[in-house]
Amino acid sequence: MNKTERAVAVTRALCAEYPDRRPLLTYSSPFELTIAVILSAQTTDAQVNRVTPELFARYPRPSDLAVAAPPDVEAIVHSTGFYRTKARNIIAAARAIVDRFGGGVPRAMEDLVTIPGMGRKSANVIRGVVYGEPSVVVDTHLTRVTNRLGFVSGKNPVAIEHALRAIVPSEMQTDFSMGVNLHGRACCTARNPACDRCVLRSLCPWPGAQPDGSSSE
DNA sequence: ATCCCGAGGG
DNA sequence: CCCTCTGGAT
């Protein structure tokens, strides 16, 4: 099996293993999703979902959030962590959407990345979820899991994204990313990975996954 | 007590 | 490249 065949098999196995995975969050507009993605850094979806109803009730449109008072926004997003940074970022993001992108969320990576609080990872989520484009979302989980699977080596996010775009068929890239992310949390953890009950075991060259099971990174 | 589903800045 | 920003999860 070459890498592409293995990636296809991995994607299928992970889709079966995590059938209830969802493209994250159910927000009605690109604006809301953009703000939710910015808030998602270093927190759980549950925390984000807890604060967004109030946030969007009070600031329904980008032009509303753009002129919000930072302390008010801080109070709402408090439980998501990094709350001062995030409050400042989402207000500035709303302003950028209004001032520079005509009130809409841009599609191009180089534009998305200029929005405050939007790094490459979040931008790829937007491109996948809002615009339905093949999306390789590189985060710490995907980096670790794809290294172990032998699809990539190293931690450079841009290099990983490009390598995976060449390996994973484009129509599978979004499922691949979501599945790998979930698997990195649930099974292929940084410490004490559960190779003994891993559905990818037969597809994985990493030592811990082998029958003789030598461990460590 | 320790780790962490990122991003920005020095 | 390394540090910081925070609260929640484990």
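Letters A, B, ... mirror the listed sequences (proteins, then strands); counts begin at 1. Computed from a prediction, not measured in an experiment: that's the story for all the values here.
Contact annotation for A/Gln42: base contact, defined as any heavy-atom pair under 4.0 Å involving a base atom. Residue contacts shown for A/Tyr83 are limited to sugar-phosphate atoms, with no base heavy atom under 4.0 Å away. A/Thr43 comes within 4.0 angstrom of a base, heavy atoms only. Base contact: A/Thr44 has a heavy atom under 4.0 Å from a base atom. Within the 4.0 angstrom heavy-atom criterion, only backbone atoms of the sugar-phosphate kind lie near A/Asp139; the bases stay farther away.
Taking 4.0 angstrom as the limit, A/Ser40 places none of its side-chain polar atoms (N or O) nearer than this to OP1 or OP2 of B/dG6. In terms of phosphate contacts, A/His78 brings a side-chain nitrogen or oxygen within less than 4.0 Å of OP1 or OP2 of C/dG7. Phosphate proximity of C/dT6 to A/Arg84: present, with a side-chain N or O under 4.0 Å from OP1 or OP2.
Between A/Pro70 and A/Ile91, the closest heavy-atom pair is CA-CD1, 3.7 Å.
Side-chain atoms of A/Lys86 and A/Thr43 form a donor-acceptor pair, as typed in the model, at a separation below 3.5 Å. One side chain, A/Arg100 or A/Thr114, offers a donor N or O that lies under 3.5 Å from an acceptor on the other.
Rounded to whole angstrom, the span from the CG atom of A/Leu39 across to the C1' atom of C/dG8 amounts to 15 Å. Distance, A/Glu161 CD to B/dG6 C1': 15 Å, rounded to whole Å. C/dC5 atom P lies 21 Å from atom CD of A/Gln47, rounded to whole Å. Rounding to whole angstrom units, CD1 of residue A/Ile90 and P of B/dG6 are separated by 17 Å. Distance, A/Lys121 NZ to B/dA7 C1': 11 Å, rounded to whole Å. For A/Leu182 and B/dC5, the CG to C1' distance is 10 Å, given to the nearest whole Å. Computed from coordinates, the A/Tyr18 OH to B/dC5 P distance equals 15 Å when rounded to whole Å. Spacing between atom CG of A/Asn89 and atom C1' of B/dG8 amounts to 8 Å, rounded to whole angstrom units.
The local environment of CG in A/Asp196 is crowded, with over 12 non-hydrogen atoms from other residues, nucleotides or ligands closer than 6.0 Å.
Atom P of C/dT10 sits at a distance of 16 Å from the matching atom of B/dG6, rounded to the whole Å. Here, B/dC5 and C/dC1 have their C1' atoms 23 Å apart, quoted to the whole Å. Taking atom P in both C/dT6 and B/dG10, the straight-line distance is 16 Å, to the nearest Å.
When distances run from any side-chain atom of A/His141 to the nucleotides C/dT6, B/dC5, C/dG8, the shortest one goes to B/dC5. Here C/dT6 is the nucleotide among C/dT6, C/dG7, B/dC4 with the atom lying nearest to any side-chain atom of A/Phe82. Closest to the side chain of A/Thr85, from the set B/dC4, C/dC5, C/dG7, is C/dC5.
Residue order along DNA chain B, read from the 5' end via each residue's closest nucleotide, puts A/Arg185 first among A/Pro116 and A/Arg185. Residues A/Thr140 and A/Arg88 both approach DNA chain B. Their nearest nucleotides, taken by heavy-atom distance, put A/Thr140 toward the 5′ side.
Applying the side-chain contact (heavy atoms from CB on, under 4.5 Å) test between A/Val136 and each of A/Thr146, A/Leu164, A/Ile160 identifies A/Leu164 as the sole match.
In the hydrophobic clustering of this structure, A/Leu65 does not group with A/Phe82; members are Ile, Leu, Val, Met, Phe, Trp, Tyr whose side-chain heavy atoms approach within less than 4.5 Å, directly or through other members.
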